[in-house]
Amino acid sequence: MRLLLKATMYYLIVTMIVFGVGGIMTFDIFERQVQRETDRYLISRLWSLQNSIENGESPYSFISNNLSIKEIDNSLPETHFAFGDTLADHPSPRIDALEPHRKLSVIRKIDGKTYKIEIFDVIVESDDIFTGVFESQTRLFVILGAVLVLSSFLVSTWLFRPFNTTLQAIKNFRLNDTNQLKLGKTNTREFKELNDILAHMIEKSQVEYKTLKEFSENASHEMQTPLAVAKGKIELLLQSKELDEEQLQLINSSYDAIDHLSKMSRSLGLLTKIENNEFTDFQEQDLTDKIKSAIFDFQELLELKEISIIQKLDEQVIVKSDPVLIQILITNLFQNAIRHNIPNGHISVTLNKQYLEISNSGKPLRTSSDTLFKRFKKDNQSGETIGLGLAIVKKICEANNFTINYMFENESHILRVSFNHQ
Amino acid sequence: MKVLIVEDNIELSKNIESYLSKEGSICETAFTYNQAIDKIISYSYDVIILDLMLPDGNGLDVLKTLKNEMSEAGVLIASAKNSLEDKLDGLDLGADDYITKPYHLSELNARVKAIYRRKNFKNQKFIECNEIKINTDAAEVFVSGTQLELTKKEYELLIYFIANQNRVITKQSIAEHLWGDHADFYDSFDFVYQHIKNLRKKILSAGGGDYINTIYGMGYKFNTLVK
């Protein structure tokens with residue numbers, strides 16, 4: 001739920017309570033006010049009745065269904081006003097119903113005679129007051145609610161615009177992006193603070209990320225010299241005479257390990273370089289040409305492994321990319337297709353303007369295909385391969401805004417690189 | 001052959017010196033940019049092995065000095081940088097070849113010899129090794145006068161063997177020599193074996209010696225001393 005809508009809801013709940021309490025208070029005030037007015041009216045009627053009788057009019061001529069007057073024993077004293085609620089016939093003779101009335105009863109001595117006078121007046125019922133108060137409060141509440149919800153929507157679009165801009169900027173932000181983060185301009189203090197903190201945090205992490213990347217690139221680079229030394233020493237050791245089989249085996253294992261290590265660090269260095277955006281020489285590349293020459297390069301290996309190749313290549317498929325990256329991409333895909341093939345297997349290469357697809361016969365993966373593009377994830381952990389080939393392919397695709405998908409269909413591994421032309 | 005090794009890492013420099021001098025090459029070493037400049041101004045060399053990253057300067061500047069001195073020396077750049085730009089810069093400035101660290105000493109040796117051969121092609125057009133004679137211009141191989149029909153890979157393999165004769169050559173270095181970066185295959189050693197088997201058979205059937213020895217698990221040796 002939107003923050004502002006949520007706030008509005010809470011506000012409305014509080015308002016509802018206030019309106020309820022307010023309603024009770026209004027009801028109470030109304031009722032008392034109405035009663036007081038009725039009482040005053042009854043008193044004024046008593047005054048005018050008294051006046052009329054003093055002026056000689058017959059008291060009995062005033063008797064009606066809301067006034068009764070009775071002469072009583074003279075010995076009884078005068079009383080104060082006594083008000084009471086009672087039920088009486090509705091003042092209108094056409095309505096035959098008992099209605100609550102206010103009654104003023106008093107004993108008065110007028111012109112030496114003692115009268116017991118009772119004056120009634122119909123009063124506004126509590127029910128009616130309640131209904132009236134309730135209805136008006138409810139209407140008010142509904143109007144307030146509607147206005148609030150509507151205005152919260154309207155306000156959120158412009159009040160929250162800088163916040164939404166910031167949100168969008170963070171959503172599109174990638175740590176290895178060298179572009180500065182563009183946050184919305186605002187004079188709202190909270191948003192300003194948020195933007196400042198974000199900008200600071202991102203700048204810091206970008207610097208640290210860059211340092212880390214540079215470190216790993218330098219590390220993989222610096223490693224090559226000692227590896228070259230060790231490799232050379234072993235080669236020299238090999239030249240010494242009278243090495244027995246066991247010694248040769250020991251030498252062989254360490255030589256293999258060093259070789260593996262140097263290939264691994266070179267591949268990791270390459271990955272880091274791609275991540276550091278060091279391949280920026282974007283040019284138009286004729287993929288068809290490159291793939292044809294790759295097939296030519298791999299021809300011998302294909303023949304040795306007895307793998308047949310099926311080509312469906314459109315002419316002159318052009319993509320814009322760094323030539324080094326494209327070369328690595330193609331080489332790695334072919335290597336992958338040959339390495340994970342079966343004897344007498346096949347490779348099929350399809351190239352058109354939309355995608356490059358390389359599929360090869362092979363056994364189904366033993367591990368999940370989700371980890372296929374992860375570093376050091378190999379289907380065959382004991383193999384002599386490094387497990388970085390497809391991770392590099394994936395990185396190259398990301399750097400070029402290509403997408404890569406893996407499928408396994410008809411006993412074939414299919415890797416498809418879609419070019420996503422803008 | 002007179003070789004100058006410009007390399008700031010002493011151990012690496014020793015490796016190269018030790019490998020090359022076994023064949024009677026005269027090796028001198030320079031560990032810094034200044035030492036390298038001093039040496040190339042004072043003496044002449046057939047081949048210079050040049051590291052690009054020197055503590056007190058850039059190897060590419062050594063190359064420029066060489067050009068100014070009108071030196072005839074062949075230059076092999078050996079760098080830890082695997083970047084295409086450095087490679088192109090180096091070759092533009094007149095280097096003859098480029099090799100990336102960590103390299104196999106046998107590969108370095110073969111490249112040095114190839115540069116030496118190209119520089120002196122008038123007297124070194126033919127490589128001779130016992131009864132084997134190779135015309136490097138036409139890529140033709142003769143055994144006791146009979147021409148051998150070799151595939152491109154077999155031919156490259158033979159040249160590599162002869163450049164590193166009487167030394168153990170690892171199968172990794174052969175695979176990389178033949179396939180470059182594509183050598184990253186777990187079964188590429190089987191392919192190496194097949195090529196070697198074919199080459200040996202062809203030499204034998206033309207009446208040549210059985211020069212190629214298998215060194216258990218490790219690689220091969222082109223032994224010119226066998227009968």
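Every chain is numbered from 1, with letters handed out A, B, ... down the list of sequences.
- No other option in A/Glu222, A/Gln224, A/Met223 has as many heavy-atom pairs under 4.5 Å with chain B as A/Gln224.
- Taking a 6.0 Å sphere around CD of A/Gln283, one finds it holds more than 12 heavy atoms contributed by other residues, nucleotides or ligands.
- Rounding to the nearest 0.5 Å gives a distance of 13.5 Å between OH of B/Tyr216 and CD of A/Gln247.
- In this structure, B/Lys22 places its NZ atom where more than 12 heavy-atom neighbours from other residues, nucleotides or ligands lie under 6.0 Å away.
- Side-chain atoms of A/Glu245 and B/Ile215, non-hydrogen and from C-beta on, never get closer than 4.5 Å to each other.
- Counting heavy atoms from C-beta on, the side chains of B/Tyr103 and A/Lys231 never come closer than 4.5 Å.
- A donor atom on one side chain and an acceptor atom on the other are found under 3.5 Å apart for A/Glu235 and B/Ser106.
- A heavy-atom distance below 4.5 Å is found between the side chains of B/His104 and A/Asp259.
- For a residue to count as touching a neighbouring chain, one of its non-hydrogen atoms must lie under 4.5 Å from one of that chain's; by this rule A/Ile251 touches chain B with backbone and side chain alike.
- B/Met218 places none of its side-chain heavy atoms less than 4.5 Å from the side chain of A/Gln249.
- Closest of all the heavy-atom pairs between A/Leu238 and B/Thr170 is CD1-CG2, 3.6 Å.
- Looking at B/Lys221, neither its backbone nor its side chain comes within 4.5 Å of chain A, counting heavy atoms on both sides.
- The shortest distance between side-chain heavy atoms of B/Ser18 and A/Gln239 does not fall below 4.5 Å.
- For chain B, the option among A/Thr225, A/Leu236, A/Leu248, A/Leu227 with the highest count of heavy-atom pairs below 4.5 Å is A/Leu236.
- Within a 6.0 Å sphere centred on CZ of A/Phe282, other residues, nucleotides and ligands contribute more than 12 heavy atoms.
- Annotation: maximal heavy-atom pairing with chain B below 4.5 Å, among A/Ala230, A/Gly232, A/Ser262, occurs at A/Gly232.
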